[in-house]
Number of protein chains: 2
Amino acid sequence: MTAIVPFNPAAARPRSSDARERLLQAAAPLFASRGFNGVSVRELAESAGVNVAAISYHFGGKAGLYTASLEVLMEKMRPVGGPVIAMVDQAFKAGAPDGPACAALMASIVRHILTTLLDGSLPPWVTQTVLREFQEPTEDYRPMFDERVLPLQRAIRKVVAAALELAPESPRAVLASQAVIGQIMVFAATRHLVLEELQWTNFSGERLEIVIETAQALVLRSICLTLSEQ
Amino acid sequence: MTAIVPFNPAAARPRSSDARERLLQAAAPLFASRGFNGVSVRELAESAGVNVAAISYHFGGKAGLYTASLEVLMEKMRPVGGPVIAMVDQAFKAGAPDGPACAALMASIVRHILTTLLDGSLPPWVTQTVLREFQEPTEDYRPMFDERVLPLQRAIRKVVAAALELAPESPRAVLASQAVIGQIMVFAATRHLVLEELQWTNFSGERLEIVIETAQALVLRSICLTLSEQ
DNA sequence: GCCATTAAATCAAACGCTTGTTTAAATCTT
DNA sequence: AAGATTTAAACAAGCGTTTGATTTAATGGC
């Protein structure tokens with residue numbers, strides 16, 4: 001009569017708990033491609049090779065599994081924004097950097113974000129889910145957004161504001177940095193369209209380099225900067 | 001036993017067919033905010049104030065209603081891309097325009113797109129649905145994409161390629177135009193985030209003007225152009 | 001002008017099926 | 001032996017769709 005209540009995700013798990021891990025791994029790509037309502041618990045269970053009841057048992061229900069899979073997904077996003085934030089903090093440690101330093105910094109940011117997003121090391125369903133939550137947030141998403149996405153936005157805005165000599169909180173700085181973010185993220189958001197248009201199959205190697213160089217050139221020009229080297 | 005088969009959308013509708021119109025109007029916002037699987041037929045019917053059976057009767061099923069509502073939605077998108085394509089065609093009638101002409105043309109394009117997307121005349125669920133289909137296309141969407149979105153992309157690419165003196169089919173032109181499209185569309189895609197960040201409630205009047213001017217400045221600089229006037 | 005005729009549209013109710021969840025027995029692990 | 005885990009089966013509720021009767025609106029013969 002009383003429900004078995006083991007679903008404490010943080011608690012030390014006494015056994016190997018095979019099913020839990022298998023579900024967590026199988027769920028994310030399915031949710032990513034068809035959304036929460038587009039996937040049934042039976043499909044999730046079958047894809048993970050476990051019994052349907054395992055979902056309620058380990059996660060308290062379908063919604064709990066979604067939340068948990070969203071958390072592991074956001075963890076995978078850490079290498080995208082983390083280094084960028086660190087780089088910006090470092091550069092601004094001794095006051096706002098000058099023009100050439102800003103240019104070099106922004107070039108590194110563009111390269112790092114596009115590399116981590118496009119080079120294939122990050123599973124495609126990660127960006128897929130983040131973009132979905134971006135425009136149609138579930139309530140679970142908000143804290144992750146505040147923790148992961150917003151600091152990245154703020155970091156980029158600092159650089160843009162410095163380059164354009166604007167106050168970081170001014171409307172123009174907010175809008176300009178949003179435009180810059182759009183310039184970069186569009187390649188992740190429309191990944192398959194770009195690949196189709198160029199008749200490419202992926203962004204590896206030389207092709208990624210072309211994307212990065214083109215994006216760098218446009219981003220830097222848009223905020224009145226150029227790379228001084230050569 | 002044989003099904004009544006009146007669901008011919010194009011055929012002249014003999015009667016007023018109240019329910020059909022009411023469903024079509026109620027469905028789009030619901031589908032937009034929660035997706036095809038997120039809305040039930042009973043909810044659709046109740047929201048439209050009609051009987052559940054009306055959906056199967058008039059559209060052949062829930063999927064048919066979705067397709068139909070996607071069509072009226074794409075029709076609402078016509079004023080966004082249509083004039084842009086016309087403007088570009090006009091400007092390129094006598095060969096590629098020179099620098100200043102390109103700058104003026106691109107400035108007009110940015111102004112037109114941002115105005116139609118943000119000034120509130122277009123219901124918010126229109127862009128919402130388009131962006132959703134963009135990254136998670138249903139099969140109904142593809143022909144509409146080819147008809148509406150692709151020509152707009154091509155038109156913008158022509159201008160970008162002309163400004164950067166690249167062949168319109170070259171990878172760099174494709175990528176650069178995609179970055180420009182990202183600069184513009186990011187304001188529609190992250191509409192609520194930008195509003196929240198600026199503590200605005202909408203993009204009307206003076207505020208829209210700031211957005212347009214900022215976007216124009218960044219887009220033009222990114223493709224090596226400036227407005228000659230003043 | 002009026003009333004039977006006919007087809008379209010609407011309706012409440014039920015259809016078969018899938019959904020997410022729960023149960024209680026069986027199986028593992030220590 | 002005892003608790004954690006897995007299992008097949010069943011659960012109620014909701015799903016999209018269909019049914020057959022009823023209402024509505026235009027038509028044609030008189």
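Naming: A, B, ... by sequence-line order, numbering from 1 per chain.
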Any non-hydrogen side-chain atom of A/Glu209 less than 4.5 Å from a side-chain atom of A/Arg111?
yes

I need the [atom1]-[atom2] distance between [X] and [N], as an integer number of Å.
| X | N | atom1 | atom2 | answer |
| --- | --- | --- | --- | --- |
| A/Glu46 | C/dT19 | CD | P | 11 Å |
| A/Tyr57 | C/dT22 | OH | P | 14 Å |
| B/Arg22 | C/dA9 | CZ | P | 16 Å |
| B/Tyr66 | D/dC15 | OH | C1' | 19 Å |
| A/Phe59 | C/dT22 | CZ | P | 16 Å |
| B/Asn37 | C/dT19 | CG | C1' | 12 Å |
| A/Arg20 | D/dT7 | CZ | P | 17 Å |
| B/Lys62 | D/dT18 | NZ | P | 15 Å |

OP1 or OP2 of [N] less than 4.0 angstrom from a side-chain nitrogen or oxygen of [X], does that happen here?
| X | N | result |
| --- | --- | --- |
| A/Asn51 | D/dA8 | yes |
| A/His58 | D/dA4 | no |
| A/Ser40 | C/dT19 | yes |

Side chain of [X], heavy atoms from C-beta onward: which of [options] has the nearest atom to it?
| X | options | answer |
| --- | --- | --- |
| B/Ala53 | D/dA8, D/dC15, C/dC11 | C/dC11 |
| B/Val41 | C/dA8, D/dT17, D/dT6 | D/dT17 |
| A/Ala19 | D/dT6, D/dT17, C/dG20 | D/dT6 |
| B/Val52 | C/dT21, D/dT17, C/dT10 | D/dT17 |

Geometric class of the A/Phe36/A/Phe31 ring pair [parallel <30°, tilted 30-60°, perpendicular >60°] = parallel

Taking only Lys NZ, Arg NE, NH1 and NH2, and the carboxylate oxygens of Asp or Glu, determine whether [X] and [Y] approach each other closer than 4.0 Å.
| X | Y | value |
| --- | --- | --- |
| B/Glu196 | A/Arg142 | yes |
| A/Glu43 | A/Arg34 | yes |
| B/Arg154 | A/Glu197 | yes |

_Given the structure, check if the side chain of B/Arg42 and the base of D/dG16 hold any donor-acceptor pair shorter than 3.5 Å._
yes

Query raised in the report: Base, sugar-phosphate, or nothing: which does B/Ala54 touch, judged by heavy atoms less than 4.0 Å apart?
Result: nothing

